[in-house]
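Structure first, commentary second.
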Amino acid sequence: MAQGENFGRGTSGSGRMVLVEFVSANPTGPLSVGHGRQAVLGDAIAKLLSAVGYTVSREYYYNDAGRQMLVLGESVRARYLELLDEPSEFPEDGYQGEYIRDIARALVEQQGESLKGAADHLPFTQKAEEVIFADIKSTLDRLGIRFDNYYNEHTLYEQGLVDDVVTNLRQQGLVYDHEGAVWFKTTEFGLEQDRVIIKSSGEPTYRLPDIAYHREKMRRGYDWMVNVLGSDHIATVPDVMAGIKALGYEPEKVTTVIHQFVTLIREGQQVKMSTRKATFVTVDELLDMVGVDVTRFFFLMRKADSQLEFDLDLATKESQENPVYYVQYAHARLCSIERQAREKGLDPDALSGVDYTRLELEEELALLQAMAGLPSFLDGAAEALEPHRIVFYLQDLAAKFHGYYNRHRIVGEDQELSRARLALAGALRVVFANGLTLIGVSTPETM
RNA sequence: GCGCCCGUAGCUCAGCUGGAUAGAGCACCGGCCUUCGAAGCCGGGUGUCGCAGGUUCGAAUCCUGCCGGGCGCACCA
């Protein structure tokens with residue numbers, strides 16, 4: 001207990017440098033529920049690694065050029081022209097969300113009709129990126145997530161690092177030209193087929209800058225790199241790892257955490273999510289409905305490998321029943337006990353002379369044992385990159401405590417016993433506070 | 001067709017680097033507020049751990065095959 005907020009913090013990381021890359025959504029639209037899961041998962045992993053002694057950096061990698069952004073810009077342009085009653089052609093695979101209209105409206109207000117004859121999509125794309133990135137960052141902010149670095153793919157091109165990768169690979173004979181495109185011999189690394197890294201149009205595919213980016217991570221000297229990705233990006237991993245290996249670095253230093261999709265249930269129906277369609281639910285909407293604590297807790301209640309079913313009706317309507325309150329209530333209850341003790345003249349923080357041998361009940365020993373196991377428990381969770389274990393640990397500890405509380409008085413007639421139990425309660429309060437903080441959930445003193 | 005993930009109680013899921021009678025929440029039924037917070041506690045489960053083989057003293061856990069669901073298999077990211 002004397003360790004206070006430091007209790008439970010392991011040392012297995014021993015100061016090693018680890019980079020956690022997550023979210024990495026390109027600014028084409030607001031964060032959807034799927035991104036939300038990744039954001040919360042990545043952030044919890046970062047917090048967990050930090051808690052066991054790693055020096056952690058969080059990074060958001062994005063690309064604000066390329067085809068996606070072109071389509072985005074053209075989508076805005078079409079809406080802009082619509083607002084001006086000009087003839088327009090909405091891209092076939094354009095972004096249909098209402099936010100595109102909002103951006104177009106803003107452009108009309110700020111620029112009037114001056115962009116009517118714009119030569120290209122750039123002014124539209126730029127405005128869209130500005131607005132959308134601000135939105136994404138505000139959503140992340142609401143979730144309590146901060147990044148240490150936003151890495152723009154542009155940087156790689158500006159510094160010639162992309163070309164350099166091609167040159168390097170070509171010198172090693174790992175690259176060849178075929179049908180106007182440049183191919184990387186991924187089959188040399190045991191993969192099924194070779195992959196195009198530069199299209200016949202001269203543009204690189206995502207693989208090339210991705211490889212260059214990972215080489216930069218390697219060069220920056222991290223001991224460990226964790227990438228959090230959605231299951232739809234799973235196919236990119238082997239190619240990038242092959243690239244890293246080809247360039248002389250150790251792919252073993254990279255661990256990829258793949259999380260499965262979030263299935264949304266609304267009014268008993270499954271909601272299919274698509275960034276381009278207007279049907280997806282945003283993280284902002286989720287936060288409006290259930291709040292940060294419930295959102296974070298819910299996203300961490302399942303291991304990354306499992307698909308996560310998020311029943312919006314249940315989450316909104318029955319939020320009182322949500323397990324997050326069960327754990328928070330344990331914390332609030334412990335705070336309340338300490339308040340009561342102070343009113344009766346007992347100082348919960350005065351630990352000297354406490355006779356711990358008075359804690360002899362089976363339940364008390366079980367609580368002590370559970371708390372004592374926290375450091376090694378966290379080491380295990382960190383090593384496995386599985387923050388959901390913390391959620392289960394807290395629920396379990398809360399159940400133990402609530403049961404104990406209902407059967408036995410903490411502050412009672414016997415002063416010695418009361419002091420010993422208060423010390424136990426204080427330790428529990430600290431463990432709940434630290435655990436909840438670790439998953440980014442608040443620690444209310446009253447509810 | 002190939003690769004990865006999942007398949008455990010009515011529902012949503014833990015447990016899976018092998019170990020004793022397989023757990024939680026929700027839902028359902030019945031109890032508990034004159035003493036530290038009832039957002040709580042106590043009691044109530046006949047589960048083919050998807051199926052079939054295999055390894056082992058021992059398998060929900062490891063291996064193989066099959067079935068069912070998800071995600072991939074681009075000169076999109």
Side-chain angles (χ1 to χ4, degrees), chain A residues 24-26 28 34 61-63 65-71 93 153 178-183 191-210 229-239 256 258-263 265 275 298 301-311 314-315 318-344 346 348 380 383-384 386 388-389 391-393 395-396 398-399 401-413 418 421-422 425 444-447:
Chain A
S24 295
N26 289 337
T28 58
Y61 173 68
Y62 70 102
N63 177 22
R67 215 190 83 83
Q68 278 189 330
M69 297 301 284
L70 185 147
V71 174
D93 53 354
E153 192 181 305
H178 179 64
E179 291 179 353
V182 179
W183 296 68
L191 300 182
E192 292 275 320
Q193 50 188 301
D194 291 340
R195 297 293 186 178
V196 170
I197 52 173
I198 300 177
K199 304 182 231 175
S200 50
S201 66
E203 293 170 300
T205 65
Y206 68 88
R207 272 180 274 269
L208 181 52
D210 261 18
L229 296 177
S231 63
D232 54 336
H233 285 65
I234 192 167
T236 74
V237 177
D239 299 336
T256 304
I258 300 284
H259 72 271
Q260 298 295 319
F261 279 17
V262 176
T263 308
I265 306 292
T275 307
F298 210 112
M301 278 193 344
R302 277 103 182 86
K303 62 182 174 190
D305 277 344
S306 290
Q307 287 179 47
L308 191 155
E309 189 162 291
F310 204 120
D311 189 329
L314 204 73
E318 300 189 355
S319 59
Q320 293 298 309
E321 304 290 324
N322 198 293
V324 65
Y325 297 111
Y326 184 75
V327 178
Q328 287 182 315
Y329 184 58
H331 181 266
R333 190 174 238 178
L334 285 158
C335 290
S336 175
I337 290 167
E338 295 192 342
R339 281 193 298 271
Q340 293 285 336
R342 282 198 185 87
E343 279 175 24
K344 291 177 182 171
L346 278 173
E383 185 196 0
E386 292 185 346
H388 76 275
R389 295 189 196 181
V391 171
F392 284 88
Y393 174 88
Q395 289 187 110
D396 184 61
F401 165 64
H402 285 309
Y404 171 65
Y405 171 87
N406 271 277
R407 277 188 291 274
H408 309 284
R409 271 199 81 77
I410 306 237
V411 180
E413 311 292 314
S418 297
R421 288 184 172 171
L422 266 178
E445 295 185 9
T446 60
M447 294 176 69

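Lettering follows sequence order; numbering is per chain, from 1. The basis for the numbers below is simple: all heavy atoms, side chains too, and nothing from hydrogens, waters or symmetry mates. Keep in mind that this is a model prediction, so the values were computed, not measured.
- Helical stems in RNA chain B, defined as runs of 3 or more consecutive Watson-Crick or G-U wobble pairs with donor-acceptor distances under 3.5 Å: B:1-7 with B:67-73, B:10-13 with B:23-26, B:28-32 with B:40-44, B:50-54 with B:62-66.
- Between the C1' atom of B:C76 and the CD atom of A:E153 lies a distance of 13 Å, rounded to the nearest Å.
- Nucleotides B:G3 and B:U8 place their C1' atoms 25 Å apart, quoted to the nearest Å.
- A heavy-atom distance below 4.5 Å is not found between the side chains of A:N63 and A:P209.
- As rounded to the nearest Å, B:A77 and B:A60 have P atoms that lie 46 Å from one another.
- Nucleotides B:G69 and B:C75 have their C1' atoms positioned 32 Å apart, rounded to a whole Å.
- Comparing B:G43 with B:C16, their C1' atoms are spaced 31 Å from each other, to the whole Å.
- Among the atoms of the strands shown, only primed sugar atoms or phosphate atoms (P, OP1, OP2) are found under 4.0 Å from some heavy atom of A:A235.
- Taking CZ from A:F310 and CE from A:M301, the interatomic distance works out to 8.5 Å, rounded to the nearest 0.5 Å.
- Two residues are said to be in side-chain contact when any heavy atoms from C-beta on lie closer than 4.5 Å; A:L334 and A:Y405 fail this criterion.
- How far NZ of A:K199 is from CG of A:L208: 11.5 Å, rounded to the nearest 0.5 Å.
- Comparing B:C2 with B:U61, their P atoms sit 24 Å apart, to the nearest whole Å.
- In this structure, A:L422 and A:I337 have side chains that are in contact, with non-hydrogen atoms separated by less than 4.5 Å.
- For A:D239 and B:C75, the CG to C1' distance is 14 Å, given to the nearest whole Å.
- Among residues two or more places apart in sequence or in another chain, the side-chain contact (heavy atoms from CB on, under 4.5 Å) test is passed with A:R339 by A:C335, A:S336, A:E445, A:T446.
- The residue A:E179 sits close to a base: some heavy atom pair falls under 4.0 Å.
- Taking syn as a glycosidic angle within 90° of 0, B:C26 does not qualify and is anti.
- Taking atom C1' in both B:G68 and B:A24, one finds a spacing of 26 Å when rounded to whole Å.
- Remark: side-chain polar atoms of A:S24 are paired, donor with acceptor, to backbone N or O of A:Y61 under 3.5 angstrom.
- With sequence neighbours excluded, the residues forming a side-chain hydrogen bond (donor to acceptor under 3.5 Å, both in side chains) with A:Y404 are A:E364, A:R421, listed by chain and number.
- As rounded to the nearest Å, B:G45 and B:G30 have P atoms that lie 16 Å from one another.
- Mapping A:E192 and A:S200 onto RNA chain B by nearest heavy atom places A:E192 at the nucleotide closer to the 5' end.
- Between the OG1 atom of A:T236 and the CZ atom of A:R207 there is a distance of 8.5 Å, given to the nearest 0.5 Å.
- What separates CZ of A:R195 from P of B:C75 is a distance of 7 Å, to the nearest Å.
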A:I234 and A:T256: side-chain contact (heavy atoms from CB on, under 4.5 Å), yes or no, with the steps? CA-CA 9 Å; A:I234 192 167; A:T256 304; over 6 Å; no
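- For the pair A:Y326 and B:C41, the criterion of a side-chain N or O lying under 4.0 Å from OP1 or OP2 is met.
- Atom CD of A:Q193 is separated from atom C1' of B:C75 by 12 Å (rounded to the nearest Å).
- Nucleotides B:G10 and B:A27, compared at atom C1', are 8 Å apart to the nearest Å.
- Between A:H388 and A:F392, the two ring planes are perpendicular [angle over 60°; tilted spans 30° to 60°].
- Between A:H402 and A:Y329, the closest side-chain pair of non-hydrogen atoms falls below 4.5 Å.
- In the set B:C71, B:A77, B:G25, the nucleotide with an atom closest to the side chain of A:P323 is B:G25.
- Nearest nucleotide to the A:I234 side chain, out of B:A77, B:C4, B:G25: B:C4.
- Distance CZ (A:F401) to C1' (B:C41): 12 Å, rounded to an integer number of Å.
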Contact letters for nucleotides 30-37 of chain B, in which S counts primed atoms plus P, OP1 and OP2 and B counts the base, heavy atoms under 4.0 Å: -----BBB
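- For A:N322 and B:G40, the CG to P distance is 11 Å, given to the nearest whole Å.
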Each nucleotide in nucleotides 6-13 of chain B should get exactly one letter: B, S or -. Can you fill that in based on protein heavy atoms under 4.0 Å? S-----BS
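- For A:H331 and B:A39, the NE2 to C1' distance is 15 Å, given to the nearest whole Å.
- Residues that satisfy the side-chain contact (heavy atoms from CB on, under 4.5 Å) test with A:A332, not counting sequence neighbours, are A:M447.
- For the pair A:R389 CZ and B:U17 C1', the computed distance is 10 Å after rounding to whole Å.
- We find the CG-NE2 distance between A:D232 and A:H259 to be 7.5 Å, quoted to the nearest 0.5 Å.
- Note on A:R207: only backbone sugar-phosphate atoms sit closer than 4.0 angstrom, heavy atoms only; bases stay farther off.
- Using a 4.0 Å heavy-atom criterion, one finds that A:T205 contacts the sugar-phosphate atoms exclusively.
- Using a 4.0 Å heavy-atom criterion, one finds that A:H388 contacts the sugar-phosphate atoms exclusively.
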